[in-house]
Amino acid sequence: METIKVQKLTGSKAMSLAIEQAMNKDDKVFVMGEDVGKYGGIFGSTTGLMDKFGPERVMDTPISETGFIGAAVGAAAEGFRPIVELMFVDFHGVVMDQIYNHIAKITYMSGGNVKMPIVIATAVGGGYSDAAQHSQTLYGSFGHLPGLKVVAPTFPHDLKGMMAAAIQDDNPVVFMFHKTLQGLGWMDQIPSSLGPVPEEEYIVPLNKAKVIKEGTDITIIGAQMMTVEAMHAATELEKEGISAEVIDLLSIKPIDKETIFKSVEKTHRLLIVDEDYLSYGYTAEIAALVSSEAFYHLEAPIGRLAIPDVPIPYSPVLEKYVIPDSKNIVAKAKEILNS
Amino acid sequence: METIKVQKLTGSKAMSLAIEQAMNKDDKVFVMGEDVGKYGGIFGSTTGLMDKFGPERVMDTPISETGFIGAAVGAAAEGFRPIVELMFVDFHGVVMDQIYNHIAKITYMSGGNVKMPIVIATAVGGGYSDAAQHSQTLYGSFGHLPGLKVVAPTFPHDLKGMMAAAIQDDNPVVFMFHKTLQGLGWMDQIPSSLGPVPEEEYIVPLNKAKVIKEGTDITIIGAQMMTVEAMHAATELEKEGISAEVIDLLSIKPIDKETIFKSVEKTHRLLIVDEDYLSYGYTAEIAALVSSEAFYHLEAPIGRLAIPDVPIPYSPVLEKYVIPDSKNIVAKAKEILNS
Amino acid sequence: MKDISKDHLVWMYSKMKMSRYFEERMETAYMEGKQPVFNIGAGPVPGEMHLSNGQEPAAAGICVHLKKEDTVTAPHRPHHNAIAKGVDLKLMTAEIYGKKTGLGKGKGGHMHLFDPEVKFSCGGIVAAGMPHAVGAALAAKKLKEDWVAVAFIGEGAANAGAFHESLNLAALWKLPFIVVIEDNSWGISVPKNESTCVPFNDVRAAAYGIKGYLVKDNDPFEMYHVSKEAVDRARKGEGPSIIEIETYRFLGHFQGDPELYRNKEEAPSLRAKDPIDRVKNYLFEKGMASEAEMDALDVEITKEVDAAYEFAINSPLPEPEEALEDVFV
Amino acid sequence: MKDISKDHLVWMYSKMKMSRYFEERMETAYMEGKQPVFNIGAGPVPGEMHLSNGQEPAAAGICVHLKKEDTVTAPHRPHHNAIAKGVDLKLMTAEIYGKKTGLGKGKGGHMHLFDPEVKFSCGGIVAAGMPHAVGAALAAKKLKEDWVAVAFIGEGAANAGAFHESLNLAALWKLPFIVVIEDNSWGISVPKNESTCVPFNDVRAAAYGIKGYLVKDNDPFEMYHVSKEAVDRARKGEGPSIIEIETYRFLGHFQGDPELYRNKEEAPSLRAKDPIDRVKNYLFEKGMASEAEMDALDVEITKEVDAAYEFAINSPLPEPEEALEDVFV
Ligand SMILES: Cc1ncc(C[n+]2csc(CCOP(=O)(O)OP(=O)(O)O)c2C)c(N)n1
Ligand SMILES: Cc1ncc(C[n+]2csc(CCOP(=O)(O)OP(=O)(O)O)c2C)c(N)n1
Ligand SMILES: [Mg+2]
Ligand SMILES: [Mg+2]
């Protein structure tokens, strides 16, 4: 029993363990961010690292995102591998220039002569009434821009493996972790935020989606909390004799077309669920990929569920209404199957 | 002759005329931006306005986009109707927080109690070797976020009418004007940048696309320079007996579904062309809308042409390769028709 | 020390006391539904909750010099600023409870309070309210009114780019703009000396050729005098000012903050110097008010706050579909 | 005036002269294919072209104190900075011609030059290079090397948020960081006094508790001395500095700028005070160099620049498909 316990980790522990192992191996890896030191990251992403590596390698910064995330560029050019934390993805607007015009483009503009091995770790997601400026995922805002690998792992195993891969990668990686999947003591604690995580080092590829439940009638694609909701929905649908295949997207950019096309070829029906805004989000990109490159697999209109192009409201009754859940997914799946 | 001449205006003249007429009517309208005064806007959007209205109403600002675009919020709350110019849309990263977290959300967060009648005018587009940080359109980056009306007029008539509509609107409008369509003396001067513009005031709705050429075989959708290229392509296709219907998108957010669905219902084939990045751009959003809400109109895979998810390169040979043109459109249209 | 009229002292006391009592009730209300296991998303008041107990002098000391037409913007920790500016307490409380009757119909929440009636707003992005206040100051200048605009920020926000851009604009255009930096010595877990390269931000006034003021030790009286000068100068068209006040954060950054980064003696030692008692005692010392008078005042304040909570608690929640309204007017 | 060694004076002269001649050729090269009708997108060197004629002292005066391991970041007007830092002239010219042999294989262009060999980079977003240099300075500190990082910006950029965040970070962490503000008195068409609320940016050092220096009238010698002190202090771990130099913009903001906003006498009057002649004449006055010697030097410089242009002009263009390469390594 004991041994199994040790291996069950929360998302935040899995993530910080990956960072710890990378920092042990490579002294060029360091962390910068607001409250990543003594506090261990507001969402636990750097728990315990300050004690292990000291303030030189786990640096608390002023509230100067353009300053310290921009500084990652110069440090990376000097051979370091900075992990910078943008506390909430909602704050990207104060630093987006450094991220998308510099970190993302310098390798290209330099003809491949300058590497940017930078991990931008950022917390995403709502569902706890943090309102319009602290609850977004903004997957699409990052997926749209060239030069960034953008990942959104769901379960602890992948949080560890993809963080390890992100740190090893010589290119910039935007690593989005979902607050509710960190398994924090002060938030809603859901089973999915705890899972088996091998102690030894391993890599989970940054560009692959995963079929986490096989099915034959319809393909449901989600990321992070929408993957969790999709799994609940699949269980419900099963009871009604509907066999749903569930894909955990994992990579926002690039989208793993092969895995998706293969599934749709089997199910001929597709429902995409996103905790991001509807317009120009991944429900759009995936629908476009399928309808342009796998059109003939489709036998019914593609379903899209996402936040209906409104800011995220504060009041729980309102927020619940705009964030898709398993009920919406079940209903939409049936609608597609009956169309 | 004379009278007709007077009515032919360049894009920049059409745009500044709309601003001038609004400023004459309403002294709450004023302009802030870098080089909007004596210079008249780097891309001519405020030509002559400083002389007419003086520096109090046409204000040159420091290079402080967060400062002066954020200041528009306070001025709007006090009953003014600021027009702020973000010189190049590429610079949005230094001010995105003010735009998407505040200007776009304050009306919602205040339960409709605070109006934000702000026009954010910004120059977009490449094709003249201004490279990775001065050539983007970023339609998708703005279309993704709630609370903003986003328009991208193509021809002088619509530049005037939509600017007039944007200024009158009590909501924030991102007004994207394409450099090449401003008809500036120092840039490539193309016929489309000059067109008939009524002197009198008129409004062109912010949320409607326009069928600018009727056709029966395939629907081609573009915006700004891609609309121009689509028209060239349609002429070529005509010669080969292919009848293309061309839609000028005009509104990036919201997308005018009705106009698009109606056309696809007729042609059953769709090609979307974008000067923005491929992933998560309007080629994605439009394809998703059609494949989810007008699926049964489609008889062939949807075609997408856009910048292939690379930063915009400097060298003309490279830039030409990544920005779609009429040749690419003709080829892609035939491919779709033969699929 | 220069004198302060009884009216002003009593006004300051009332606002500070009201804010304190409002937040003490909020501490309790916030924990409803969050026990025995704390869950930030649970209860009638979910989400982050940033309380300002101890920081009342920063707000009351300057708002006593403001009128309805003056603008105030505040950050994520806004209750004391809102109350001092005269935001409708019932509607504000209802908003924090996510009710249909709230300032924002339940859409904004505690970090996003908008009361156009008294020109108050706040937001959750550090320093982002500064440009908004600069814009209001610009409007006042355009309208040739003597209105001023005050932006409250924390000391951590003084290192954000928006701080610099806002002050340069305000100074360049000589706008009636004042930034009040509430230095509670913490930016969440980061102490000021690990975030700010100068001990006090008043020196940053030199970067803009404007006036900088420093108020030590959370002193409500000094805050009053310094603010009066800054506000008067702004009204007279003499341009912007920076006011930094050393203030106290009695509680954690947000409710539920384990505060492992903070020495356990700090908060109690700060509470021992309660600024509200300082004002009350001063009134007594100067013989400006009697115990009875002040007790009566306290009763009134308690009544008003309790009424606001009652209104909020008894107000209806919005209908789910209302989430789709108000994106545009 | 304090003495400067002949080596250093000649070094500065060479870099300034090389930059000047490089840009004079560029003025001509740029106009190829743009006559009779100017078209910014036409010719072998399309796109925006920001030349720095007149601003050479800002670059040479500090780079003379730098070594290969020191980092330099520059803005959109980078040629004089790049040349002073020792960027490979052939590869840089080829890049500006959009050739496959260029620093960025033709992908970057004149505003985006990257030469990791000498740790030089530049970019088209105002003030964005400052955080990059701060990061390089942080790296030097982590590596316990005595390397410094210098960020060149224009006076207009000193009002961008990145300026403030970078200086606070650099001062807070006591990094070997120097910002050189090239005050050419214009931000495109906006004069300094309409963009900056203080006459000179050296006063802004007070906001960070660091050293601020002001060099008047584009003085190459004063720039040399001031820079030496700032660089030495940075190497010794004494922290960052701000250096502002009043410099001259002989040409328009970019080539093709009608300059209707600028008094026609300004440029000629600035050219009359050519900083390159000042260095040359000083060498003569001090008897440090002979006419013959300097003429020989000029010939060499001309040769080197001509060779760079020849290399660029004769280099192949990239293949169109190469546009898809190098997004990731
Ligand atoms: C741009 C931005 N970065 C980071 C945050 C996260 N955050 C919220 S409050 C806070 C600390 C603010 O410190 P201070 O300005 O001193 O205000 P205080 O909380 O002490 O009142 C931080 C880092 C934010 N809201 N906005
Ligand atoms: C963030 C940002 N805003 C605006 C611009 C457009 N722009 C390019 S150069 C320039 C003027 C810069 O002035 P200054 O910093 O003095 O440099 P100079 O051109 O005088 O060398 C402006 C506004 C930009 N490149 N980046
Ligand atoms: Mg603080
Ligand atoms: Mg300048």
Side-chain angles (χ1 to χ4, degrees), chain A residues 66 90-102 104-105 108-109 131-133 138-147 252-255 272 276-277 279-296 298 300-304 307-311 313-314 339, chain B residues 66 90-102 104-105 108-109 131-133 138-147 252-255 272 276-277 279-296 298 300-304 307-311 313-314 339:
Chain A
T66 288
D90 308 69
F91 310 152
H92 83 287
V94 299
V95 63
M96 198 55 174
D97 179 62
Q98 287 297 332
I99 295 173
Y100 102 102
N101 261 337
H102 305 276
K105 292 175 181 169
Y108 188 79
M109 296 190 296
Q133 297 175 337
L138 301 178
Y139 302 127
S141 296
F142 289 85
H144 182 50
L145 301 162
I252 302 299
K253 178 79 165 285
I255 299 268
I272 313 156
D276 193 7
Y277 302 114
S279 294
Y280 297 83
Y282 71 63
T283 63
E285 181 56 29
I286 294 172
L289 287 168
V290 172
S291 57
S292 60
E293 299 178 38
F295 180 71
Y296 296 107
L298 285 173
I302 295 171
R304 304 169 71 187
I307 294 168
D309 291 337
V310 304
Y314 161 69
S339 70
Chain B
T66 289
D90 308 69
F91 310 152
H92 83 286
V94 300
V95 62
M96 199 55 174
D97 179 62
Q98 287 297 332
I99 295 173
Y100 102 102
N101 260 337
H102 305 276
K105 292 175 181 170
Y108 188 79
M109 296 189 296
Q133 298 176 335
L138 301 178
Y139 302 127
S141 296
F142 289 85
H144 182 51
L145 302 163
I252 302 299
K253 178 81 166 280
I255 300 268
I272 313 156
D276 194 6
Y277 303 114
S279 294
Y280 297 83
Y282 71 63
T283 62
E285 181 56 28
I286 294 171
L289 287 168
V290 172
S291 58
S292 59
E293 300 178 37
F295 180 70
Y296 296 107
L298 284 173
I302 295 171
R304 303 168 72 187
I307 292 168
D309 292 336
V310 304
Y314 162 69
S339 68

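Below, chain A is the first sequence line, B the second, and so on; all start at residue 1. This is a predicted model, so every value here is computed, not measured.
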(message) My understanding is that only residues two or more places apart in sequence, or in another chain, count here; which of them pass ring-ring contact (aromatic ring centres under 6.0 Å, His included) with B:Tyr100?
(response) A:His92
(message) Is there a side-chain contact between A:Tyr280 and B:Ser141 in this structure, where contact means two heavy atoms from C-beta onward sitting under 4.5 Å apart?
(response) no
(message) If I measure from the heavy atoms of chain B, does A:Leu289 come under 4.5 Å with its side chain, its backbone, both, or neither?
(response) both
(message) Let's test your reading of the structure: which of B:Ile286, B:Val95, B:Ile252, B:Ile255 forms the most heavy-atom pairs below 4.5 Å with chain A?
(response) B:Ile252
(request) Just give me the residue among B:Ala288, B:Pro254, B:Ser279 that pairs up with chain A most often, heavy atom to heavy atom, under 4.5 Å. (result) B:Ser279
(request) Heavy-atom pairs under 4.5 Å with chain A are the metric here; pick the option from B:Gln98, B:His102, B:Lys105 that has the most. (result) B:Lys105
(request) With sequence neighbours excluded, tell me which residues meet ring-ring contact (aromatic ring centres under 6.0 Å, His included) with B:Tyr277. (result) A:His144
(message) So which residue, A:Ala294, A:Ser292, A:Ala287, ends up with the most heavy-atom pairs under 4.5 Å with chain B?
(response) A:Ser292
(message) Counting heavy-atom pairs under 4.5 Å with chain A, which one of B:Gln133, B:Lys253, B:Met96 comes out on top?
(response) B:Gln133
(request) Please flag which part of A:Leu298 lies under 4.5 Å from any non-hydrogen atom of chain B: side chain, backbone, both or neither. (result) both
(message) At a heavy-atom distance under 4.5 Å, which candidate from A:Thr283, A:Thr66, A:Asp90 has the highest pair count against chain B?
(response) A:Asp90
(message) Please classify the contact of A:Pro313 with chain B as side chain, backbone, both or neither, using a heavy-atom distance under 4.5 Å.
(response) both
(message) Please identify, among A:Pro308, A:Ala300, A:Ser339, the residue contributing the most non-hydrogen atom pairs under 4.5 Å to chain B.
(response) A:Ala300
(request) Below 4.5 Å from any heavy atom of chain B, which atoms of A:Tyr296 appear? Answer side chain, backbone, both or neither. (result) side chain
(request) Examine whether an atom of A:Val290 lies under 4.5 Å from a heavy atom of chain B, and if so say whether it belongs to the side chain, the backbone or both; otherwise answer neither. (result) neither
(request) Run the salt-bridge test on B:Arg304 and A:Glu293 with the 4.0 Å N-O cut-off and return the result as yes or no. (result) no
(request) Identify which of B:Gly140, B:Pro301, B:Ala104 forms the greatest number of heavy-atom pairs closer than 4.5 Å to chain A. (result) B:Pro301
